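Working notes, structure below.
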Amino acid sequence: MLVTLRPSVAARSALKQAARAMSTQAEPLVLTRRSDSGKVEIIQLNRPKALNALSSPLFNELNAAMEKADNDPEVRAIVLTGGDKVFAAGADIKEMKDKEFADAYKNNFLGTWGKVGTIKKPIVGAVAGYAVTNAQLGGGCELAMMADILICSEKATFGQPEITLGIIPGGGGTQRLTGLIGKSRTMDMVLANRKINGTEAAQWGLCARVVPAEQSVTEEAVKIAEQIAKFGQVAAIAGKETVNAALELPLQEGLRFERRIFQALFATKDQKEGMAAFAEKRKPTWSDN
C-alpha cells in the first residue's frame with residue numbers, strides 16, 4: 001500500500017516562508033549594465049513596486065556596485081538612475097519607524113548611506129518623476145545630491161519632508177542642500193516642506209540640466225557620462241576632487257589645493273600627451289597615467 005506523507009501545518013508554513021524569502025532574495029535591489037562603449041557603468045535602483053524607496057539592504061547593494069565600478073579600470077564614468085519613471089521616493093519608513101535611539105546610535109544608522117559620495121570616478125545622476133513624495137523621507141533627494149552632475153526631468157520633484165514625520169534629514173539633506181542652493185532656500189524646504197520641480201531645481205543650482213518630460217533622462221545622463229569618458233581618467237578624478245574641496249575649504253586653502261593638484265598633473269603621461277596632441281593638432285590617446 002502506498003502511503004503519502006504530508007508535512008505538518010507548521011512545516012508547510014515554514015516551507016512557504018522559506019520560499020518567499022528565496023524569492024525576495026533572488027530579486028536584486030540594484031541592477032547594473034555597461035553602456036555600448038563599455039566605458040560607462042549604469043547603476044539602476046530596482047524597487048519599482050516601492051518607488052525605489054531606500055533601505056539599508058538597497059544601500060548595501062548600491063555601495064557594492066559603486067565600489068566595483070570605481071575599481072574597474074574599464075569604467076571611466078558612472079550613471080546613477082532609478083529608471084525613467086521614478087528616481088527614489090525617499091527612505092523606507094517601515095524600516096525605521098520602530099527604531100530606538102540606542103539602536104540607531106550604536107549601529108550608526110544611515111552611516112553607510114553616504115558612501116556614494118566617496119566614489120572617485122565621476123557620477124552622473126538621472127532623476128525622473130518624483131525624487132521624493134509626501135509620504136516618505138527625502139532620502140531620494142539626498143542620494144541625488146551625491147551625484148557630481150545631476151540631470152533631471154522637468155517633471156521631477158525635489159523636497160525634504162522629514163519635518164512632517166517629526167524628524168530632520170539624516171542623509172546630508174541639511175548639509176549638501178545648503179551648499180548647493182543656500183541657507184534660506186534650504187530652510188524653506190526643510191522647515192516649510194517646500195517642494196520644487198525640475199525647472200526650479202536647475203534655476204536654484206541643484207541640477208545641471210533639465211530634459212523635457214517625454215525625453216529619457218537616463219539616456220541624457222549616459223550621453224554626458226560618455227563625454228566624460230573621452231577624457232583622461234586622472235584629470236577627471238582630479239577635477240572632481242578639487243571641485244568637491246571647494247565646498248569644504250576656505251577660499252585661500254582651496255586655491256592652494258587646486259594649484260597643487262594642477263601642478264601634480266604635470267607629472268602624468270596624460271598631460272604630456274594632451275598638450276602634445278594640441279600642439280600637433282591631433283586627437284590625444286589617453287593612457288590614464
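Quick caveat: nothing in here was measured; it's all calculated off a predicted structure. Side chains included, hydrogens not; waters and symmetry mates left out as well; all remaining heavy atoms used.
No continuous path of ILVMFWY side-chain contacts below 4.5 Å connects Val79 to Met146, so the two sit in separate hydrophobic clusters.
The only option from Lys120, Lys240, Lys121 that meets the salt bridge (Lys or Arg N to Asp or Glu O under 4.0 Å) definition with Asp70 turns out to be Lys120.
In the displayed structure, Glu100 atom CD is contacted under 6.0 Å by at most 12 heavy atoms of other residues, nucleotides or ligands. Around atom CG of Asp36, no more than 12 heavy atoms belonging to other residues, nucleotides or ligands sit under 6.0 Å away. No more than 12 heavy atoms of other residues, nucleotides or ligands lie within 6.0 Å of CD in Gln175, so this atom counts as exposed by the packing criterion. Atom CD of Glu258 has 12 or fewer neighbouring heavy atoms from other residues, nucleotides or ligands inside a 6.0 Å radius. The 12-atom threshold is exceeded at CZ of Arg282, counting heavy atoms of other residues, nucleotides or ligands nearer than 6.0 Å. Around NZ of Lys68, the count of heavy atoms belonging to other residues, nucleotides or ligands within 6.0 Å does not exceed 12. Taking a 6.0 Å sphere around CZ of Arg209, one finds it holds 12 or fewer heavy atoms contributed by other residues, nucleotides or ligands.
The residues Asp288 and Lys269 are annotated as not salt-bridged, no charged nitrogen and carboxylate oxygen being separated by less than 4.0 angstrom. With salt bridges taken as basic N to acidic carboxylate O contacts below 4.0 Å, none links Glu200 and Arg185. Here Glu253 pairs with Arg256 in a salt bridge; the nearest charged N to carboxylate O distance falls below 4.0 Å. Between Arg34 and Glu41 there is a salt bridge, since at least one side-chain N of the basic residue sits less than 4.0 Å from a carboxylate O of the acidic one.
Atom-to-atom distance recorded for Ile151:CD1 and Cys207:SG is 7.5 Å, nearest 0.5 angstrom.
A heavy-atom distance below 4.5 Å is not found between the side chains of Asn46 and Leu29. Between Val40 and Val75 there is no side-chain heavy-atom pair separated by less than 4.5 Å. Taking 4.5 Å as the limit, some side-chain heavy atom of Leu143 sits within range of a side-chain heavy atom of Phe59. For the pair Leu180 and Met145, the minimum side-chain heavy-atom distance is below 4.5 Å.
Using modelled atom types and a 3.5 Å distance limit, the side chains of Glu226 and Ser35 yield a donor-acceptor pair. A donor-acceptor contact closer than 3.5 angstrom is absent between the side chains of Asn193 and Thr164. Side-chain atoms of Glu95 and Ser56 form a donor-acceptor pair, as typed in the model, at a separation below 3.5 Å.
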Apply the test side chain to side chain contact (heavy atoms under 4.5 Å, CB included) to residues Glu154 and Val211: give CA-CA distance (whole Å), side-chain angles for both, the deciding distance (0.1 Å), then the verdict.
CA-CA 6 Å; Glu154 61 186 357; Val211 300; over 6 Å; no
Going through the distances and angles, do Val127 and Val217 end up as a side chain to side chain contact (heavy atoms under 4.5 Å, CB included)?
CA-CA 7 Å; Val127 177; Val217 69; 5.8 Å; no
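The side-chain tip of Lys99 points at the ring of Phe109 from less than 6.0 angstrom away and within 45° of straight on.
Residues Phe262 and Phe266 place their aromatic rings such that the two centres sit under 6.0 Å apart.
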